[in-house]
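Naming convention: chains lettered A, B, ... in sequence-line order (proteins, then strands); numbering from 1 in each chain.
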Amino acid sequence: MRTRYAPSPTGPQHIGGIRSALFAWLYARRHGGKFILRIEDTDQKRSVPGSVEMIVDAFDWLGINIDEGPRQGGSYGPYVQSQRLELYQSWARWLVANGHAYKCFASADELAEMRAAGTGYDRRYRDLPPRDAATLEAQGKPYVIRFKMPRSGETAGEDIIRGRVRFQNANLQDAVLLKSDGFPTYHLAHIVDDYHMEISHITRAVEWLPSFPLHLRIWDAFGWEKPQFAHLPVLLNPNGKGKLSKRKAQFVDPSGTSVPVLINEFIEAGYLPEAVLNFLTNIGWNYGDNEEVFSTEQAIARFDLKAVNPANSAYPIKKLDWLNSQKIQAATPDYLAGRLRPILKAAGYAVDESILQQVTPLLQVRLKNLHDVLPMAGFFFADWAAFKAPAAEILVQRKMDAAATVKVLGAAIPILERLPGFEAASLHEALAAYAKASGFKNGQVFGSLRAAVSGQKVSPPTFETMEILGKAESLRRIRLALEGLRQQEAG
RNA sequence: GGCCCCUUCGUCUAGCGGCCUAGGAUGCCACCCUUUCAAGGUGGAGACACGGGUUCGAGUCCCGUAGGGGCUACCA
């Protein structure tokens with residue numbers, strides 16, 4: 001059992017491609033097989049330098065481990081098509097020699113005329129006498145090698161996901177196998193490679209279905225035993241119109257968040273790789289048991305290409321936020337802290353490990369994505385000495401006014417000072433008692449304190465926050481807030 | 001245009017002839033819980049594209065129509 005993902009090196013990977021790769025990988029892992037990465041760079045014009053690194057890094061981030069590929073090598077290499085040119089050329093010659101393909105000398109102008117006529121290539125060089133072909137070649141006329149498709153009858157093949165698919169040969173064309181620059185087209189290269197790399201299951205997007213009969217015929221012409229095929233459904237734009245495109249500006253939601261499409265955008269948006277994997281696995285396939293949240297290992301244990309839904313799907317990106325929050329909640333604090341640390345550092349904070357360790361558990365039910373740590377808990381990591389009392393509009397809670405807030409904060413100080421310890425539980429107890437005695441609601445008291453010590457309207461729970469800040473800092477901040485409010489009242 | 005694929009709540013999906021007065025999830029709404037924000041709990045609205053067949057019986061099989069997607073390059 002060997003599966004592969006064979007992208008073109010055209011830059012950062014599209015999430016649709018990643019999903020195809022994921023399905024191939026899950027299938028290989030399920031059956032204890034190998035997953036191969038092969039770079040299809042036979043179109044020199046489209047190759048973007050650095051793409052291979054980007055692709056490999058993306059798989060590393062996702063945790064999709066590659067058994068053979070350009071980085072780790074393997075016994076079927078090289079795994080980059082531009083390094084296998086002679087192989088394709090010799091097999092193309094073999095096809096010509098054996099009557100399955102022919103040299104076509106049609107010029108760009110000729111081709112353009114045929115296209116204009118609306119019928120496509122008219123096979124005008126298919127039956128050119130060998131002598132004439134030799135003459136043209138001797139004159140140095142450039143040519144391509146085309147496959148000789150049968151002109152009648154039908155070609156049918158089995159698709160793991162869709163069952164039997166049939167095509168009338170009369171509708172098919174004589175596709176180019178080898179271009180005039182000596183590079184193979186996808187049609188030739190992938191077959192030669194899949195054969196030599198002993199790929200057992202070809203998984204690829206449905207857009208390849210129309211060329212399925214061509215491929216079947218080429219396999220037969222070579223006389224090679226065919227692998228199994230699975231044409232995967234594709235991701236459509238969130239509105240269900242058209243294939244998911246990179247131009248997703250139109251899908252910016254009201255909050256201004258743009259829809260991630262390229263794999264690096266998921267990383268930048270603060271998603272966990274296990275959430276992205278879980279998300280992708282749920283599209284076109286489902287785990288069963290009415291269960292949507294599961295680990296990659298669990299998915300591997302059940303994944304089956306036969307169970308893949310043949311229909312294309314609108315990109316259900318909204319679900320990723322939920323899935324991400326589920327994964328964040330389920331993560332160990334240590335793991336999550338490890339993910340949060342670089343984000344805090346990138347935002348310019350000097351991350352105190354002890355504080356990070358204390359804050360992380362408070363964040364688990366509160367983060368939708370990793371970046372939410374900044375507005376929610378960034379203040380823990382800011383320079384405490386530079387802390388400024390928040391504005392009255394933050395300090396003064398709903399159903400409160402400045403005078404009442406001053407009263408509450410003023411009363412809290414001696415209560416806090418008197419406390420022997422400074423743990424959240426005892427803080428809660430003491431201040432709840434004050435609330436009860438004073439007639440203020442818990443929310444009014446706790447909220448005023450929250451704003452005073454965090455400087456924010458929204459924060460982790462007040463007393464946990466105070467415990468982490470410590471007694472001295474908490475009191476200092478409450479006094480700062482009081483001072484600010486009084487000044488404002490006076491002014 | 002031609003060819004091919006697809007069609008269950010807004011969306012992702014379960015369903016492989018009777019278990020379906022169609023299940024789950026998300027999103028949305030309401031209520032509960034509550035120290036903000038979340039999380040969590042409970043409940044609600046919400047779908048078999050349409051028309052013919054086949055069958056005792058169809059979301060499930062067949063045909064047609066409509067709609068969607070793809071291919072139609074010396075790109076993959």
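For a distance-only test at 3.5 Å, the side chain of T185(A) fails to qualify as a donor-acceptor partner of the base of C74(B). A donor-acceptor contact under 3.5 Å is not formed by the side chain of R162(A) with the base of C5(B). In the interface, the side chain of R115(A) is not paired with the base of U72(B) through any donor and acceptor atom under 3.5 Å apart. Residue side chain T462(A) reaches the base of U35(B) through a donor-acceptor N/O pair under 3.5 Å, judged by distance alone.
Aromatic pair Y88(A)/F183(A): ring centres not closer than 6.0 Å. In this structure, the ring of F279(A) has its center no less than 6.0 angstrom from the ring center of Y271(A). In this structure, Y186(A) has its ring center closer than 6.0 angstrom to the ring center of W208(A).
Taking the P atoms as reference points, G68(B) lies 16 Å from C12(B), given to the whole Å. The separation of U21(B) from U11(B), taken at their C1' atoms, amounts to 25 Å, rounded to a whole angstrom. Separation of the C1' atoms belonging to U35(B) and U26(B) is 29 Å when rounded to the nearest angstrom. Distance noted for atom P between G15(B) and C61(B): 12 Å (whole Å). C56(B) and U13(B) have their C1' atoms separated by 32 Å, given to the nearest Å.
Using Watson-Crick or G-U wobble geometry with both donor-acceptor distances under 3.5 Å, U26(B) finds its partner in G10(B). Pairing partner, C75(B): none, since no Watson-Crick or wobble contact has both distances short of 3.5 Å.
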Task: Test log, rule salt bridge (charged side-chain N to carboxylate O under 4.0 Å, His left out), inputs D289(A) and R302(A) - done: CA-CA 11 Å; D289(A) 298 346; R302(A) 295 189 182 185; 2.8 Å; yes

